[in-house]
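Just so you know, ligand 1 is whichever comes first in the structure, and atom 1 is the first atom listed for that ligand.
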Amino acid sequence: MAERVIPLVDERAASRPAIVPPSPQTPTGLLQDQWGRPLRDLRISVTDRCNFRCNYCMPKEVFDKNYQYLPHSSLLSFEEITRLARLFAAHGVRKIRLTGGEPLLRKNIEALIEQLAALRTPDGQPLELTLTTNATLLARKARALKSAGLNRVTVSLDGLDDAVFRRMNDVDFPVADVLAGIEAAQAAGLTGLKVNMVVKRGTNDDQILPMARYFRGTGVTLRFIEYMDVGATNGWRMDEVLPSDEVIARLRAELPLIALAPRTVGETAVRWGYAGVDGLHDPALGEVGVISSVSHAFCGDCNRARLSTEGQLYLCLFASQGWDLRSLLRSGANDAEIASAIAPIWQQRDDRYSQLRSEMPPDATPAHTGRRIEMSYIGG
Ligand code: SAM
Ligand code: SF4
Ligand code: SF4
């Protein structure tokens, strides 16, 4: 087995100033980047802390008791997050996903959700508000999240076998409690629930079929995510990636599936519906999705921006530098100035990491591609 190289470098400080241009740029909701991609989706990391140590995201060897998390004063306040979210909505954002770290660890997150739920798009529509969570606190919080105005929840769960899951979260957390969180979310009326499973070959790929059997027909959409070379601490190796085509082949060997059309432009998952006895998609059985970040790049439609816990704007999950919106916020700039500063950042965006990576030789490793930021900091 190849030796893992885990560079212990803190890349959080790498950022560029966000500059207010000389002539103001009033938001039109129609921003486009260098490849004609609009800005629609904003992922906001509300904490860099987590109570799990998933080895593909926050491995214990790096995120140990000596790890320096961000001090509270570095975090954007709820007011700062909401102010930026309002300006992003004016620029075209329609969907906000709260993430982290573990977003439910941020104290009183319901208050932030309430503030975000009051925002409107330029044509007067509420934003779609979602949250990704490991579900450890979901049973306790589901009702409060729903009544604060959260629309949907995505739960991460990497297997049904308790031993496999405890090993992957690396804090000995049981599957049963995650399943209880999912049930509580459904009972609280959070519809359209999704479950994300990161598939690592040789670690949890034996969980693909049990997970599919369990969630089929429950109203929960299971999505299989290819293990990504995000960050610099997880010791990623291509031979641990199980390509989505293989996931679908394994599922189809037992459960008939029909390819479904995408619902929206820029959708990360390719959808497959469970077929009924007539061979057609049976909506009662639901669907699964595959997110093929490694094997089939989908940068062409990528309309996602990410706001880190301390207010750095990242234009790609694999970016090595962000844009410092927090300094601009705290400099006393007014809304028009901040909105004007955001516009050229998106307009200059050229990022398409996964696509470029797919054009690299198959044995290329992330070492060829420069420095990258951790997923727990930038938000998944
Ligand atoms: N803590 C929350 C959770 O786990 O749902 C939210 C943050 S987590 C960083 C967001 C998503 O990123 C999770 O679904 C997680 O499985 C996924 N993720 C983290 N590291 C990954 C990697 N190396 N490859 C693929 N997905 C990853
Ligand atoms: Fe925590 Fe989510 Fe990362 Fe797992 S994937 S360590 S739950 S932030
Ligand atoms: Fe978007 Fe970057 Fe992912 Fe491509 S690699 S889909 S540009 S986040």
Do S295 and E226 pair up side chain to side chain, a donor and an acceptor below 3.5 Å, judged on atom types alone?
yes
Does L242 offer a backbone N or O that forms a donor-acceptor pair with the side chain of E246 under 3.5 Å?
no
For atom 2 (Fe) of ligand 3, what is the nearest protein heavy atom, given as residue, atom name and distance?
C316 SG, 2.3 Å
Of G101, S156, C57, C50, the residue with the heavy atom nearest atom 1 (N) of ligand 1 is G101
Nearest heavy atom to atom 7 (S) of ligand 2: which of S45, C50, P103 does it belong to?
C50
Heavy-atom nearest neighbour of atom 24 (N) of ligand 1 within options R223, M228, M375
M228
Assess R357 for proximity to ligand 3: is some non-hydrogen atom of it under 4.0 Å away?
no
Nearest heavy atom to atom 15 (C) of ligand 1: which of F52, Y56, W236 does it belong to?
Y56
So do N134 and V178 actually touch side chain to side chain, heavy atoms under 4.5 Å?
no
Whether C302 has an N, O or S atom under 2.8 Å from atom 1 (Fe) of ligand 3:
yes
For atom 3 (Fe) of ligand 2, what's the nearest protein heavy-atom neighbour? Residue, atom name and distance, please.
C57 SG, 2.4 Å
Scan side-chain atoms only and decide if D229 and Y353 contain a donor-acceptor pair under the 3.5 Å cut-off.
yes
Is R216 close enough and on-axis enough to Y274, meaning under 6.0 Å and within 45°, for cation-pi?
yes
The closest protein heavy-atom partner of atom 4 (Fe) of ligand 3 is C299 SG, 2.3 Å
Where ligand 3 meets F318 - atom numbers and elements under 4.0 angstrom, heavy-atom basis
5 (S)
Looking only at heavy atoms of G101, does any of them come nearer than 4.0 Å to an atom of ligand 2?
yes
